[in-house]
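Atoms considered below: every heavy atom in the structure, side chains included; atoms not considered: hydrogens, waters and symmetry mates.
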Amino acid sequence: MNKDLTDKEYIFCTKGLSVGYQGIPLIRDITLKVKQGEILTLIGPNGAGKTTILKSLINQLRPISGCVVLKQQEIQSINPTLLSQKMSIVLTEKIHPEMMTCEDVVATGRYPYTGRFGILNDHDRNVIKDSMELVHITELSEKNFLQISDGQKQRVMLARALAQEPDILVLDEPTSFLDIRYKLEFLSILQTMAREKNLTVIMSLHELDFARRISDKIACIKGDYIHRFGSPEEIFSGNYITELFGITTGSYDGLSGSPELSKVSGSPTCFVFAGGGTGTPLFHKLQRQGIPFAAGILWENDLDYPCAKALATEVISIPAFQELTPKQIKQAEDLIGQCENVYCTLTKEMLEHLPEPLLKLIQNSSSTE
């Protein structure tokens, strides 16, 4: 076997993996390497093949070529019972257990350890209890699984997966049915398990902001191959996300992680003095109302700059850490002369720290928002 696959640095890896259906490759030559305790996230457009890759990684779908290796063993050579002790899975397919409580469903995560009769001992019951407490579903213990919400079912299935006490947890779009509170709780649990229990997590996510925050490594799928593999800092840089998803309407700022709708076309009818994040709510309000606007004078490391750049018809900006120049003051004066309204969102404290020429321009030309 190739040394890449037997390197003990990685708990899970692939080599030359091609996946697809009926012998036809969908994604080719997939090379992934994950260390113990790392979180790897797959991102990419809808239909790119994220679920197909995950199903191949867990041996649910037979690879067309190449191999998947877990702890220096090819997945296909591992006994199914032993594999289920090492790896647990939460996919998007919904299960329909008849006459089972939520605790019963979580308890099925212990089956790899209970033998053919499925008898739970005290340790099994403690693991089930701890798993349910971890994902905050203890109050659902006696409820019929089929009668709870989709979001609650997702948390039950996570508890079931954790009850297997796996080395690797594989999840397909695990936050899809969760509201923002439970998305944060769910992902925080995964992060805590990775840090404290050395749990390795491989999952797909649609929410780029969460993928950026939680992942140690990100695999980007586009076309028939892994387009890019690296850290969040490497992936979310420049205009790469725009390229990956083929964004042509609106924009996505890789530095701030902010998606924005399309700017309003036409000559600006109002000018906004902003800074420190105070202008962003007004920029969004003007965009919603279909009002073209100009903004400035903003340093390019200011919190308001990414939104202004995305939504304003024109932005007067200054490179980070450089000084304001008379040219920029003149640009602002000319734009203000074309506008019907001028707003200033800066607070009193912010105004006190502005360069004198900019402060005078604001005092002579603006109202407040």
Any non-hydrogen side-chain atom of [X] less than 4.5 Å from a side-chain atom of [Y]?
X: Asp124; Y: Asn121; result: yes
X: Asp216; Y: Lys35; result: no
X: Gln164; Y: Lys86; result: no
X: Gln154; Y: Tyr182; result: no
X: Phe210; Y: Arg212; result: no
X: Leu361; Y: Ile336; result: yes

Would a single hydrophobic cluster contain both [Y] and [X], if residues Ile, Leu, Val, Met, Phe, Trp and Tyr are joined by side-chain heavy-atom contacts under 4.5 Å?
X: Ile168; Y: Phe229; result: yes
X: Leu162; Y: Val90; result: yes
X: Ile241; Y: Leu261; result: no
X: Ile214; Y: Leu171; result: yes
X: Phe245; Y: Ile53; result: no

Does [X], at its [atom1] atom, have more than 12 non-hydrogen atoms belonging to other residues, nucleotides or ligands within less than 6.0 Å?
X: Lys143; atom1: NZ; value: no
X: Phe321; atom1: CZ; value: no
X: Lys222; atom1: NZ; value: yes
X: Asn239; atom1: CG; value: no

Flag the pair [X] and [Y] as a salt bridge only when some basic side-chain nitrogen lies within less than 4.0 angstrom of an acidic carboxylate oxygen.
X: Arg213; Y: Asp209; value: no
X: Arg125; Y: Asp122; value: yes
X: Lys129; Y: Glu103; value: no

task = Report yes or no: do Ser84 and Tyr111 form a side-chain donor-acceptor pair below 3.5 Å?
result =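 Judged by distance alone, the side chains do not pair up.
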
key: Distance-only polar pair, side chains of Glu185 and Ser188, donor-acceptor under 3.5 Å   = no

key: Qualifying salt bridge (charged side-chain N to carboxylate O under 4.0 Å, His left out) pairs, either residue in residues 226-239, two or more places apart   =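 Sorted result for residues 226-239: empty, none.
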
Roughly how far, to the nearest 0.5 Å, is [atom2] of [Y] from [atom1] of [X]?
X: Ile58; Y: Ile75; atom1: CD1; atom2: CD1; value: 9.0 Å
X: Gln287; Y: Lys263; atom1: CD; atom2: NZ; value: 11.0 Å
X: Leu190; Y: Thr41; atom1: CG; atom2: OG1; value: 9.5 Å
X: Thr313; Y: Ile291; atom1: OG1; atom2: CD1; value: 11.0 Å
X: Glu98; Y: Asn144; atom1: CD; atom2: CG; value: 8.5 Å
X: Ser215; Y: Ile43; atom1: OG; atom2: CD1; value: 8.0 Å

Provide the closest heavy-atom pair for [X] versus [Y] in the form atom of the first, atom of the second, distance.
X: Ala161; Y: Ser88; answer: O-OG, 3.1 Å
X: Pro174; Y: Leu205; answer: CD-CD2, 4.0 Å
X: Asp302; Y: Gly275; answer: OD1-CA, 3.4 Å
X: Val156; Y: Phe145; answer: CG1-CE1, 3.7 Å
X: Cys344; Y: Leu351; answer: SG-CD2, 4.2 Å
X: Ile221; Y: Leu244; answer: O-CD1, 3.8 Å

Are the side chain of [X] and the backbone N or O of [Y] linked by a donor-acceptor pair below 3.5 Å?
X: Asp334; Y: Gln331; answer: no
X: Thr14; Y: Cys67; answer: no
X: Asp104; Y: Thr101; answer: yes
X: Asp224; Y: Ile27; answer: no
X: Arg155; Y: Gly151; answer: no
X: Lys50; Y: Gly44; answer: yes
X: Glu173; Y: His206; answer: no
X: Lys55; Y: Leu61; answer: no

remark   = Only residue of Lys71, Lys197, Gln36 satisfying side-chain hydrogen bond (donor to acceptor under 3.5 Å, both in side chains) with Asp167 is Lys71

message = Using the side-chain hydrogen bond (donor to acceptor under 3.5 Å, both in side chains) definition, which of the options Glu323, Lys327, Gln328 pairs with Thr325?
response =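 Output: one option passes, namely Gln328.
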
ask   = When Leu158 is tested against each of Leu169, Val106, Ile137 for side chain to side chain contact (heavy atoms under 4.5 Å, CB included), which residue passes?
value =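 Looking at Leu169, Val106, Ile137, the match for Leu158 under the side chain to side chain contact (heavy atoms under 4.5 Å, CB included) is Leu169.
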
inquiry  = Would you call the rings of Phe293 and Phe283 parallel, tilted or perpendicular, taking 30° and 60° as the class edges?
reply    =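 Phe293 vs Phe283 ring planes: parallel.
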
request  = Scan for side chain to side chain donor-acceptor pair (under 3.5 Å) pairs involving residues 267-284, sequence neighbours excluded, and state none if there are none.
outcome  =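 Side chain to side chain donor-acceptor pair (under 3.5 Å) check on residues 267-284 returns Glu260-His284, Thr278-Thr345, Thr280-Asp304.
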
key: For Tyr113, all residues meeting ring pair (Phe, Tyr, Trp, His ring centres under 6.0 Å), sequence neighbours excluded   = none

